[in-house]
Enquirer: 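One structure is given below, represented as structure tokens, and several questions about it will come after.
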Protein chains: 4
Amino acid sequence: MGVKERKALERQNRKNQILDAARKLLFSSGIDSVSINKISKQAELGVGTIYFYFKNKEQIFTALQEEGLTLLYSIIFKISETKAPHEEKLRQIALSYYNFSQEHKNYFDLINYFLTTPKVFFEPDLKNQIDMSGNKILLIIQNIVAEGSEQKVFKEKDPQKFSILFWGALHGLTHFKKFEKTILGNQNLEEIYEFSVQRLIYSIK
Amino acid sequence: MGVKERKALERQNRKNQILDAARKLLFSSGIDSVSINKISKQAELGVGTIYFYFKNKEQIFTALQEEGLTLLYSIIFKISETKAPHEEKLRQIALSYYNFSQEHKNYFDLINYFLTTPKVFFEPDLKNQIDMSGNKILLIIQNIVAEGSEQKVFKEKDPQKFSILFWGALHGLTHFKKFEKTILGNQNLEEIYEFSVQRLIYSIK
Amino acid sequence: MGVKERKALERQNRKNQILDAARKLLFSSGIDSVSINKISKQAELGVGTIYFYFKNKEQIFTALQEEGLTLLYSIIFKISETKAPHEEKLRQIALSYYNFSQEHKNYFDLINYFLTTPKVFFEPDLKNQIDMSGNKILLIIQNIVAEGSEQKVFKEKDPQKFSILFWGALHGLTHFKKFEKTILGNQNLEEIYEFSVQRLIYSIK
Amino acid sequence: MGVKERKALERQNRKNQILDAARKLLFSSGIDSVSINKISKQAELGVGTIYFYFKNKEQIFTALQEEGLTLLYSIIFKISETKAPHEEKLRQIALSYYNFSQEHKNYFDLINYFLTTPKVFFEPDLKNQIDMSGNKILLIIQNIVAEGSEQKVFKEKDPQKFSILFWGALHGLTHFKKFEKTILGNQNLEEIYEFSVQRLIYSIK
DNA sequence: CATGAATGAGCATTCATTCAT
DNA sequence: TATGAATGAATGCTCATTCAT
């Protein structure tokens, strides 16, 4: 192994060391209590070192969000690889998204953080990077729909548009978790979620 | 006008003065830069005075969010009162929600803030107040669907569930605005939005 | 009842109303969370009214401290009135002081507040008032010792000095409660307290 | 001198710089007016810097109190090392405690602050640290009594308990300084103090 | 008598970031 | 590369007191 490779490896190790610390903080106390100083303490590194490997806090968050998206992707990918009927795949993907929002709440908060922050300035590279992670997931859904349509299981002519509707709807519904005790009344969100999935799938059959 | 009335009026005026300041800040620099100290400066009042009229920062945000929800409600209510066919009403409501998210971005950011912040410490009263404002909007949609179903224009048996799906989907889709240049590729969100509305309405016809 | 008397009575009622509120706050959340604003809310009176009846916060605290001292006095007075032997009386007084410090912690904190605050400015009247309340208690002890000496049960020639030593020692010991888990090691303070009382009494026998 | 040593030295210097500032404030205007902001201004450092060296305000107070206890310890230790008779040592220790309470009033106020504040949230480590400083002083007294008892000068079987009584009594008596013009009447506290010391010592002879 | 609106200095603490070493 | 000392603006919030009505 040459000097260059070793350097690159060490570099990656350090980055991971930092992300490990950030992740640990994120999971133990939530997004609001992740600060650079705390990360540096947790990682047993100087704050300066953190800034050597990450330009700013946003970049660390981005990396963590990518982790979350990758995890989500792998879950959804697995479903897409099964032999289940197309319809069933969509249903399972939808359900797994709901589960992800509950069981990986911290990652989900992070995704929402990036999705809802009105911050104007966002480095284009960073933004692109995140969006592409999201896109991969969208493509899975899109492919299932497209494939289903080819095989005449579905009758959707615009799989891309539909996949955005599909995911957008699921995403929007997760936010209604906060209304479970109020607006939703005696129903729980999961019920409504399943109803919605049913309807969305039905609409392309 | 008696003393009591005048006092009550002055009280409301002051409250408005504070909300004006808060709104101005919110609209000029975004939610993150609204602080009590800044509000007090903007309103030309002591911070103590702010706290005399509002228990805490959250309450000011709540009031502002209610403004936004009231505005949204009035828009949607107007549509519901027209003589347009049910289907058309839903379409217009959907469209107006999209427009609201773009034209009243600051109110919309505020709504998203409350919807996605992982903070829990929200006072039940405040939360209930907001949720009920949201509920009023939901009920309009629900009524249109219910009425449409009664008149056999729609065939939806569960108008409540469907209205949640409807609004949730629209809401989720607005978040994709951020992906317009990346994931959405050459399409713009409005197109997809209209496609989605079409599909959702179609699913109950 | 003439106008004057009624006025005086009303005046006292209002004062009590205020003290009731202050006491309630003191007992429910401790000395640090008693503020004029809170008192006024609790008493359902305007803050201005509070200031009409009490010159400042200190005066309210003084009144409450007097309550505490009066309560303490009544406890000690009762003991002094029994037929118990002088020695036994002293022992019981000592014990009741310890109990008072534990069971009426809030009053005791208040006493300590006045006793340890390094504040320079203290209105002479106020100070005198408090001191006299303390003096009454001291006099009881002093009388018991004096009487005991007259009857040759004790051999103390200077009952005043001894009573100050007696009370001062007891008071100082109560502060060691904070050391129970550290300096005091495996002993508890009560044990040491009793030991001390024994010694002090023994020293005048 | 290596880099490490120099760093450590500088660190200590900064800490002292902060403590100097805190001490100056404490001594010039009393404990109530020591705030972190004031310290930072006095020390000509940013507030953040204060927090870099001390975890919180309490820790600064702790350090200052330790200074006081160390000073007191050194005074008492010197006495314990003399060739004076045991009895005389106790007398001198007692007297020096009184003098300390008058001449180093600010340190004494600090000690009282920690001893009487009803605040609970004290960190165990900090509390232990302080208590151990106090314990060292107590042990000196205890040893003198124990040694005296071994040599049959005293007849105390429980030196620990007695040393607590001894110190507790002296400590309690210092609080009566406030009563010099009122309860104590024509006597001054020093007189009573000496009387008390005499009695306490006499009780173990 | 009674009110309650208004004050604004003050509080302890956190933060992302910089930069000389 | 790596460090960690230093910053100081900023945060939400409390407080005793005043005073015009």
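First the proteins, then the strands, lettered A, B, ... as listed; each starts at 1.
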Enquirer: What's the shortest heavy-atom distance between Tyr53(D) and Lys15(D), and which atoms?
Expert: O-CE, 3.4 Å
Enquirer: Taking Asp20(C) first and then Lys24(C), would you say they form a salt bridge - that is, a charged N and a carboxylate O separated by under 4.0 Å?
Expert: no
Enquirer: Measure from the side-chain heavy atoms of Tyr53(A) and tell me the nearest of dA2(F), dT17(F), dA2(E).
Expert: dA2(F)
Enquirer: Can you tell me how far CD1 of Ile130(C) sits from CD of Gln65(C), rounded to the nearest 0.5 angstrom?
Expert: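 So the gap between those two atoms works out to 4.5 Å.
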Enquirer: Provide, to the nearest angstrom, the distance between the CD1 atom belonging to Ile36(D) and the P atom belonging to dA12(E).
Expert: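 So the two atoms are 6 Å apart, to the nearest Å.
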Enquirer: Of all the nucleotides listed (dT11(F), dT13(E), dC15(E)), which has the minimum atom distance to the side chain of Lys57(A)?
Expert: dC15(E)
Enquirer: Distance check: side-chain N/O of Lys7(C) vs OP1/OP2 of dC1(E), anything under 4.0 Å?
Expert: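 Answer is yes, contact under 4.0 Å.
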Enquirer: What is the separation between atom CG on Asn13(A) and atom P on dA2(F), rounded to the nearest whole Å?
Expert: 11 Å
Enquirer: Can you work out whether Thr49(D) or Tyr51(B) has the more 5'-proximal nearest nucleotide on DNA chain F?
Expert: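 It is Thr49(D), whose closest nucleotide lies nearer the 5' terminus.
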Enquirer: Would you say Arg14(D) places a side-chain N or O within less than 4.0 Å of OP1 or OP2 belonging to dA6(F)?
Expert: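 Indeed, a polar side-chain atom of Arg14(D) lies that close.
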Enquirer: How far apart are the C-alpha atoms of Asn112(C) and His175(C), what are their side-chain angles, what is the distance that settles it, and do they pass the side-chain hydrogen bond (donor to acceptor under 3.5 Å, both in side chains) test?
Expert: CA-CA 10 Å; Asn112(C) 275 321; His175(C) 288 160; 2.9 Å; yes
Enquirer: Using whole Å, what does the distance between atom P of nucleotide dT13(E) and atom NZ of Lys55(D) come to?
Expert: 10 Å
Enquirer: Using atom CD1 of Ile50(B) as one end and atom C1' of dT14(F) as the other, report the distance to the nearest whole Å.
Expert: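 The answer, rounded to whole Å, is 15 Å.
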Enquirer: Tell me the partner of dA20(F), counting only Watson-Crick (N1-N3 plus N6-O4 or O6-N4) or G-U wobble (N1-O2 and O6-N3) with both under 3.5 Å; none if nothing fits.
Expert: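 Across any shown strand, dA20(F) pairs with dT3(E).
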Enquirer: In whole Å, what is the span from the NZ atom of Lys38(A) to the P atom of dA16(E)?
Expert: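 Atom NZ in Lys38(A) sits about 9 Å away from atom P in dA16(E).
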Enquirer: Taking the side chain of Asn56(A) as its heavy atoms from C-beta onward, which of dT17(E), dA2(E), dC13(F) lies nearest to it?
Expert: dT17(E)
Enquirer: Between Val47(A) and Arg11(B), which has a closest nucleotide on DNA chain E that is more 5'?
Expert: Arg11(B)
Enquirer: Between Gly48(D) and Gly48(B), which residue's closest nucleotide on DNA chain F lies nearer the 5′ terminus?
Expert: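 Closer to the 5' end of DNA chain F: Gly48(D).
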Enquirer: Indicate, yes or no, whether a donor-acceptor pair under 3.5 Å links the base of dA10(F) to the side chain of Asn37(B).
Expert: no
Enquirer: Please determine if a side-chain N or O atom of Ser35(C) lies less than 4.0 Å away from the OP1 or OP2 oxygen of dT14(F).
Expert: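 So the side chain of Ser35(C) is outside the cut-off, no N or O lying under 4.0 Å from OP1 or OP2 of dT14(F).
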Enquirer: Given atom CZ of Phe54(C) and atom C1' of dT17(F), what is their separation to the nearest angstrom?
Expert: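 One finds 16 Å between C1' of dT17(F) and CZ of Phe54(C), rounded.
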Enquirer: Rounded to whole Å, please give me the gap between CZ in Phe61(A) and C1' in dA16(E).
Expert: 11 Å
Enquirer: Which whole-number value in Å describes the distance from Lys41(B) NZ to dG12(F) C1'?
Expert: 14 Å
Enquirer: Under 3.5 Å, is there a donor-acceptor pair between the Asp131(D) and Thr182(C) side chains?
Expert: yes
Enquirer: dT14(E), dT18(E), dT3(F): which one has an atom nearest the side-chain heavy atoms of Leu45(A)?
Expert: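 From the listed options, dT3(F) comes nearest.
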